[in-house]
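All figures in this text were calculated on a predicted structure; none of them were measured in a lab.
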4 protein chains.
Amino acid sequence: MTARPAGSRPRGAVRSEAARTSVLEATASLFAARGYDHLTIEGIASEAGVAKQTIYRWWTSKSAVVAETLIEGMLLPGHPEVPETGDIRADLSTWLGQLFQFVDEPTHNALVRSLVAAAAENESIGERLNDALGATATLTARIECAREAGELAPEIPVQEVVTALVGAVVVRALRRATTTPDAARQLIGALLH
Amino acid sequence: MTARPAGSRPRGAVRSEAARTSVLEATASLFAARGYDHLTIEGIASEAGVAKQTIYRWWTSKSAVVAETLIEGMLLPGHPEVPETGDIRADLSTWLGQLFQFVDEPTHNALVRSLVAAAAENESIGERLNDALGATATLTARIECAREAGELAPEIPVQEVVTALVGAVVVRALRRATTTPDAARQLIGALLH
Amino acid sequence: MTARPAGSRPRGAVRSEAARTSVLEATASLFAARGYDHLTIEGIASEAGVAKQTIYRWWTSKSAVVAETLIEGMLLPGHPEVPETGDIRADLSTWLGQLFQFVDEPTHNALVRSLVAAAAENESIGERLNDALGATATLTARIECAREAGELAPEIPVQEVVTALVGAVVVRALRRATTTPDAARQLIGALLH
Amino acid sequence: MTARPAGSRPRGAVRSEAARTSVLEATASLFAARGYDHLTIEGIASEAGVAKQTIYRWWTSKSAVVAETLIEGMLLPGHPEVPETGDIRADLSTWLGQLFQFVDEPTHNALVRSLVAAAAENESIGERLNDALGATATLTARIECAREAGELAPEIPVQEVVTALVGAVVVRALRRATTTPDAARQLIGALLH
DNA sequence: CCATAACCGAGACGGTACGTCTGGTCTTCAA
DNA sequence: TTGAAGACCAGACGTACCGTCTCGGTTATGG
């Protein structure tokens with residue numbers, strides 16, 4: 001539906017990729033520096049060297065900009081790969097342990113809380129919350145595989161379990177609670193018997 | 001602990017309980033009606049029939065007012081009691097199922113997301129997140145009891161499990177995901193084997 | 001002097017004359033109605049249908065707005081022309097008498113006191129005080145002429161005398177003193193022998 | 001008029017002279033330091049070590065406190081005595097010259113403008129404006145004497161002339177105009193021929 | 001020798017206005 | 001047509017004072 005008649009061309013200047021990128025970079029930088037609710041459209045515009053209107057033209061709200069920044073993977077540092085030792089429980093313990101350690105670090109804790117605040121007001125950020133915190137489709141597939149391979153009980157609701165794990169991380173961030181190194185292993189042990 | 005050093009005495013007029021109550025009631029009402037981030041100090045003051053300065057005198061920020069409102073139990077509707085059938089898994093399934101149903105209702109979903117947004121910026125709200133969502137000390141004690149009675153595996157980390165359950169509810173709220181009626185039962189089944 | 005360097009041009013929207021005019025009209029109206037020190041920026045903004053920031057963008061203070069309103073001649077009613085009968089003393093007596101009568105009227109008295117209060121805090125209003133009270137350049141020129149024509153003593157310091165006359169009016173306003181009809185004539189008689 | 005029925009006496013503690021004095025001193029000090037319109041009741045109370053209510057109990061407004069401070073002679077520095085050389089014109093020239101010099105000094109200029117602002121909103125300050133600026137009853141009497149002694153023209157309206165002189169000083173203050181040393185002599189020469 | 005009454009410092013209260021900041025829209029000009 | 005610049009209306013921010021009102025505590029009469 002955005003196709004145009006053959007021979008026709010858009011008239012006037014076309015959307016500036018430079019402006020778009022610059023907005024997303026500014027957003028990422030300010031989000032990391034000052035958190036979601038000190039983020040302002042004016043601040044982004046100024047940091048990006050872009051007019052406010054340019055932002056309002058292409059995004060509907062602050063949270064939409066943040067959502068796109070998140071999608072582009074510029075918002076949060078990448079998460080560690082899940083190891084593959086053959087022992088799914090050990091692998092998940094390692095992964096969850098790293099996640100717990102991550103949110104225990106004050107800077108990252110603030111980052112995650114900001115992300116949660118953003119998710120609270122923007123549906124599409126909420127939808128990507130799992131991914132953003134490292135609970136990617138790949139991970140889910142891995143667990144699914146293991147279950148089908150008989151390493152896990154067959155009645156385990158994989159999606160629910162992953163959500164609960166992400167939830168544990170989120171609540172930990174919101175409570176500013178630090179964690180014993182063992183907690184991840186115990187939780188995985190309880191969840192995936 | 002609010003006692004003052006001997007010999008010292010408060011001088012001048014004393015804090016008005018009427019003003020305090022009126023602020024908390026206004027906060028509860030506006031929070032429910034318009035959500036955390038449309039909440040304003042001016043709005044609360046005006047709704048409460050109180051001067052702005054009276055709010056700034058006793059609270060440091062919007063989130064502090066919300067925190068106190070939460071503590072007073074005025075922020076969220078009360079949660080259902082956990083039934084006591086003797087079967088701890090069934091009881092928890094019932095309880096979690098009700099919680100899931102609760103956040104599936106759009107109004108309550110918005111309420112919970114607002115609460116999460118508030119928790120993201122205020123530590124003491126974060127600390128009370130479990131309680132606020134119904135995962136009270138009573139509940140934890142119940143599970144602990146059942147474990148000691150041998151109904152649950154002895155190595156289960158009760159606190160972690162409860163956090164994961166609350167997390168599941170929170171993430172569900174953030175993802176605006178609705179749930180099959182079975183999800184609660186399955187999750188409990190997986191968690192508490 | 002507000003011209004900008006050749007080649008440079010203003011970018012962005014241009015100042016709204018409608019907003020400016022509307023602010024000055026609101027100021028004139030509120031000044032007349034309630035006096036200088038019941039005048040508020042918020043009141044002006046609201047009466048003018050303008051955002052507060054628009055006032056702060058273009059004026060530094062309440063007194064600056066009042067000064068500009070005064071310069072535009074919107075603040076005070078026009079003053080009577082000085083008659084020209086050929087007899088400079090009689091003409092000035094008439095003029096000063098009218099001025100005295102003017103400040104004797106309570107509404108106008110309050111207006112003049114407000115103007116004086118404004119002048120006390122804003123230099124440019126002070127500078128225009130003479131003009132605002134009707135002691136215009138034209139009047140000074142008339143006296144100068146008469147002196148040169150030999151109708152008045154040659155050593156008379158015209159500017160000082162005019163200032164003293166305006167001062168007499170001002171002090172009369174500040175003392176809320178009413179005046180015998182004769183005072184103006186007597187004072188002129190004493191001043192311009 | 002504040003007398004009470006014979007036989008009756010006030011019961012209870014009597015007005016604290018210390019508090020009264022302390023308020024007036026604080027007022028004088030703050031008036032000199034920051035001017036009339038930066039003067040606040042709270043500032044005075046705090047500076048005086050007195051409760052706000054104590055001020056409101058005894059004075060009706062800020063300007064009333066200032067008026068009383070003025071009456072007590074604490075508001076402005078004392079003015080020079082008028083010399084008595086026998087030549088009334090020379091004496092007045094000296095006096096007015098000193099007054100002009102006084103208001104030419106920026107600190108005093110601000111002081112006089114503050115006084116004028118106070119007079120603009122408080123009648124009793126206005127009434128004392130002449131006295132406060134040194135045009136005391138003594139001075140008026142002196143001129144009156146000289147007139148009766150035939151040194152001045154008999155038809156001179158003494159009160160009007162004095163008011164005009166004070167007015168010249170006031171307008172000079174409002175215009176922030178500095179003066180040639182000769183101005184006072186010339187003006188007296190013109191006024192009292 | 002109380003009881004009454006008016007004083008005092010302190011400070012909370014409902015308000016108004018301040019001057020600043022941001023949100024979202026609209027206008028102007030250059031490219 | 002886009003993008004920068006920036007003015008516009010709107011409205012919340014947090015602060016400063018306003019004038020009124022308790023609150024305890026402190027004098028001074030006068031019954």
Side-chain angles (χ1 to χ4, degrees), chain A residues 9-16 18-20 22-23 38-46 48-58 60-62, chain B residues 9-16 18-20 22 38-46 48-58 60-62, chain C residues 9-16 18-20 38-46 48-58 60-62, chain D residues 7-16 18-19 38-46 48-58 60-62:
Chain A
R9 294 264 226 87
R11 287 218 285 166
V14 92
R15 176 170 185 186
S16 156
R20 177 178 165 276
S22 154
V23 165
H38 290 94
L39 205 60
T40 66
I41 297 277
E42 296 210 329
I44 296 171
S46 143
V50 139
K52 263 201 299 182
Q53 187 54 45
T54 300
I55 299 184
Y56 282 109
R57 187 155 24 235
W58 300 111
T60 58
S61 63
K62 180 175 80 164
Chain B
R9 294 270 220 84
R11 287 220 284 174
V14 95
R15 176 170 185 183
S16 157
R20 176 179 165 276
S22 157
H38 291 92
L39 204 58
T40 66
I41 298 277
E42 294 211 332
I44 296 171
S46 145
V50 140
K52 257 200 298 182
Q53 189 56 47
T54 298
I55 299 184
Y56 284 109
R57 185 158 25 238
W58 301 111
T60 58
S61 61
K62 179 176 79 166
Chain C
R9 293 274 215 81
R11 285 221 281 176
V14 95
R15 176 171 186 182
S16 157
R20 176 179 166 274
H38 291 93
L39 204 59
T40 67
I41 298 278
E42 294 210 331
I44 296 172
S46 145
V50 140
K52 262 203 294 184
Q53 189 56 48
T54 298
I55 298 184
Y56 283 108
R57 187 162 20 243
W58 301 110
T60 57
S61 61
K62 179 176 80 165
Chain D
S8 149
R9 292 270 221 90
R11 284 223 283 177
V14 93
R15 175 172 186 182
S16 156
H38 291 93
L39 204 60
T40 66
I41 298 277
E42 296 211 329
I44 295 171
S46 145
V50 139
K52 265 201 297 182
Q53 188 56 47
T54 299
I55 299 185
Y56 283 109
R57 186 160 20 240
W58 301 111
T60 57
S61 62
K62 178 176 82 164

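Considering only side-chain N and O atoms, A:Thr54 lies under 4.0 angstrom from the phosphate OP1 or OP2 of F:dA4. Contact annotation: C:Arg11 side-chain N/O to E:dA30 OP1/OP2 distance is not under 4.0 Å.
Heavy-atom distances to DNA chain F give each of D:Thr60 and B:Thr40 a nearest nucleotide, and the one nearer the 5′ end belongs to B:Thr40. With DNA chain E read from its 5' end, the first of the two nearest nucleotides for C:Leu39 and D:Ala19 is the one closest to D:Ala19. Heavy-atom distances to DNA chain F give each of C:Gly12 and B:Gly43 a nearest nucleotide, and the one nearer the 5′ end belongs to C:Gly12.
Not a single donor-acceptor contact under 3.5 angstrom links the side-chain atoms of C:Gln53 to the base of F:dC8. Between the base of F:dC18 and the side chain of D:Glu42 there is no donor-acceptor pair shorter than 3.5 Å. Between the side chain of A:Lys52 and the base of F:dG6, no donor-acceptor pair under 3.5 Å is found.
Contacts of C:Gly49 with the nucleic acid, taken as non-hydrogen atoms under 4.0 Å apart, involve only primed sugar atoms and P, OP1 or OP2.
Separating the CD1 atom of B:Ile44 from the C1' atom of F:dC13 is a distance of 13 Å, rounded to the nearest angstrom. Rounded to an integer number of Å, the gap from C:Ile41 CD1 to E:dT16 P is 18 Å. For the pair D:Trp58 CH2 and E:dA6 P, the computed distance is 11 Å after rounding to whole Å. In this structure, OH of C:Tyr56 is placed 18 Å from P of F:dA7, rounded to the nearest angstrom. When the P atom of E:dA10 is taken as reference, atom CZ of B:Arg57 falls 16 Å away, rounded to whole Å. Taking atom CD1 on D:Ile55 and atom C1' on E:dA10, their separation rounds to 13 Å, with Å as the unit.
Here the CZ-OG1 distance, from D:Arg57 to D:Thr54, works out to 5.0 Å after rounding to the nearest 0.5 Å.
Across the helix from E:dC1-F:dG31 to E:dA31-F:dT1, the helix axis at one end is tilted relative to the axis at the other end by 10° (nearest 10 degrees, each axis from five pairs).
In this structure D:Ser46 satisfies the side chain to side chain contact (heavy atoms under 4.5 Å, CB included) test with no other residue, sequence neighbours excluded.
Heavy-atom minimum distance, A:Ala19 versus A:Val50: CB-CG2, 4.1 Å. For the pair A:Ala48 and A:Ser22, the tightest heavy-atom approach, listed with the atom from each and the gap, is O-OG, 2.7 Å. B:Ile41 approaches B:Ser61 most closely through the heavy-atom pair CD1-C, 4.4 Å.
Side-chain contact between A:Arg20 and A:Trp58 is absent, with no heavy atoms from C-beta onward closer than 4.5 Å. Residues A:Ile55 and A:Lys52 form no side-chain contact, since every pair of their non-hydrogen atoms from C-beta on lies 4.5 Å or further apart.
The side chain of C:Arg15 lies closest to F:dC8, out of F:dG6, E:dG14, F:dC8. Side chain of C:Ala51, nearest nucleotide from F:dC9, E:dC18, F:dG3: F:dC9.
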